[in-house]
Amino acid sequence: MSLKNKLSRMKGHMQLDGRKASEQEQKNYEDHSNEKSDAKLPAKFNQWIPLKGKPLFLEEQYTIFREIHYPLDFQLGNTQLSELKEVVRLWEGADTDHPLSTKGIDAEQLIFFDTETTGLGGGTGNTIFLLGYCHLEDDVVKVKQFFLPGPADEAAMYFHFLQDVNDLSNLVTYNGKAFDWPQVKTRHTLVRDKVPLLPKFGHYDLLHAARRLWKDTLPSCRLTIVEKEILGIERVDDTPGSLAPLLYFDFLKEKDPKIIEGVLKHNEYDVLSLIVLYVQLSKRILNCEDVSSTMKEKYEIARWYEKVKEPMKAAEMYEEVVKSNVSCRDEALLALGLLLKKQKQRDEAMDCFEGVAIKENALAITACIELAKLFEHQFKDFDKALYYSERAYEQQKKAARLLREKKTLDDLKARIERLRKKR
DNA sequence: TCGGTTGATTTAACACCGCC
DNA sequence: GGCGGTGTTAAATCAACCGA
């Protein structure tokens, strides 16, 4: 069966999240039907009308442009699009310099961006055939797509896309730092004489944020998995991205827009999902009460705050985890201890280390070594320092198989000998 | 004054992963 | 199936501190 026939059997597909989505889509189609079709256009463009596509020209070239509007009360998975405004407002009031913070940026400035290409490889052999994004404007979310109808029309596609995003300043993507944006830059160099310069965008890549929070709890951090497990979005009859190149090549042969409809819808939902993902990530990072973060998420967010030199925020999050009784509690307690030690809060740090040192695991060894250091160099209690050194040595001896662990063992032996002389 | 210890920072190498 | 960003880890370097 040809791809065209397969697609024709998928009529009525691309339904997102049950009834609400299908009702909304119907409304979108009704909205679109109110648009005036341009009777002067050549007949070949009429077949784009059911897909809400229309040509935009640049000299002899053209791109197919689609624009779909979603109201702010549109529910996608567990999130309403209006929550984007809410989290941008929260970031504005938050006293933190987090990488996902939009402080100083309007919600309207965010471009949730995704491309469809003819393959994965880099270089000039690979073509972007769809530039899609959505953003907030006049209290609706507008999805805009620029489609490449043929290999000779790239300048038109980039021209109209770049003109359109002229006033916007910040990209939000999923793996866009490594994939989408380098591809855009490569292709842009080939048409740069005819199109505007690429803007200097700020860039939020949500893949890396998702990895930080869920790398240990999800089977993978692919967007579809995150959508299903975290965002509550279940796509029905979605056209997988891996099929996009095949479908596009089929379109180039047949010139039938229906062939590519599934890819357009896939891209449309990809960019909408980015809004939902950004909202859910932000709410967890900002520790909003209306989202039920797991302790593991709080622990990972605390580590993230620590990495970006926000020790107070990190400590707050670690403390929440320490109060719980989850498997990462000891990790949080040890991390909190190290954090407090750095801030010279030695008594508080000691309490944390002692809480971990009573356990019998790899964390306890680190905690014992930290206690030995504190008692030797800060509290000058050499008996206790020796006690914790010996305790660490005994536990380390059981585990010492790797070279790295052997070094720890040797270091501990030296520490014990030094302390025995000091006593 | 010197040597030992610790902590902070930088650098490099490496492995992993998700995009179509 | 190529690419680039990121996290992790280890090693190197330097400064500060302290005791002998």
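Below, chain A is the first sequence line, B the second, and so on; all start at residue 1.
- When each of B:dA8, C:dG1, B:dG18 is scored by its nearest atom to the side-chain atoms of A:Leu120, the top-ranked nucleotide is C:dG1.
- Spacing between atom CG of A:Asn175 and atom C1' of C:dG4 amounts to 8 Å, rounded to whole angstrom units.
- Identified under the side chain to side chain donor-acceptor pair (under 3.5 Å) test for residues 193-205 of chain A, with sequence neighbours left out: A:Thr173-A:His203.
- In terms of the salt bridge (Lys or Arg N to Asp or Glu O under 4.0 Å) criterion, A:Lys307 has no residue partners (sequence neighbours excluded).
- Note on A:Thr173: nothing from the nucleic acid sits closer than 4.0 angstrom, heavy atoms only.
- Residue contacts shown for A:Thr118 are absent, as no nucleic acid heavy atom lies under 4.0 Å away.
- Side-chain N/O atoms of A:Lys342 include none lying less than 4.0 angstrom from OP1 or OP2 on B:dG7.
- By the ring-ring contact (aromatic ring centres under 6.0 Å, His included) test, A:Trp304 is found to be paired with A:His98, residues two or more places apart in sequence or in another chain being considered.
- Residue A:Ile260 contributes atom CD1, which lies 12 Å from atom C1' of B:dC20 at whole-angstrom precision.
- Within a heavy-atom distance below 4.0 Å of DNA chain C, the residues of residues 205-213 of chain A found are A:His208, A:Arg212.
- Inter-residue side-chain proximity for A:Pro311 and A:Lys342 is flagged as unmet; no heavy-atom pair is nearer than 4.5 Å.
- Between A:Phe251 and A:Phe129, the distance from one ring center to the other does not fall under 6.0 angstrom.
- Rounded to whole angstrom, the span from the CD atom of A:Gln378 across to the P atom of C:dG19 amounts to 10 Å.
- Per the geometry, CG belonging to A:Leu171 stands 14 Å off P belonging to C:dG5, to the nearest Å.
- If you check B:dC20, B:dC19, C:dT8 against the side chain of A:Tyr174, the one that comes closest is B:dC19.
- In this structure, CD of A:Glu116 is placed 11 Å from P of B:dC19, rounded to the nearest angstrom.
- Among the nucleotides C:dG5, B:dG7, B:dG18, the one closest to the side chain of A:Lys177 is C:dG5.
- Looking at heavy-atom distances under 4.0 Å, A:Lys341 makes contact with sugar-phosphate atoms alone, never a base.
- Of the residues in residues 144-155 of chain A, none lies under 4.0 Å from DNA chain C by heavy-atom distance.
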Summarise how protein sits on nucleotides 13-18 of chain C as a single string, 5' to 3': B when a protein heavy atom is under 4.0 Å from the base, S for sugar-phosphate-only contact, - for no contact. ------
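- No engagement by A:Asp180 is indicated, since no non-hydrogen atom pair under 4.0 Å with the nucleic acid exists.
- As rounded to whole Å, 9 Å separates atom C1' of B:dC19 from atom CG of A:Asp114.
- Checking C:dT8, B:dC19, B:dG18 against every side-chain atom of A:Lys215, the shortest atom distance belongs to C:dT8.
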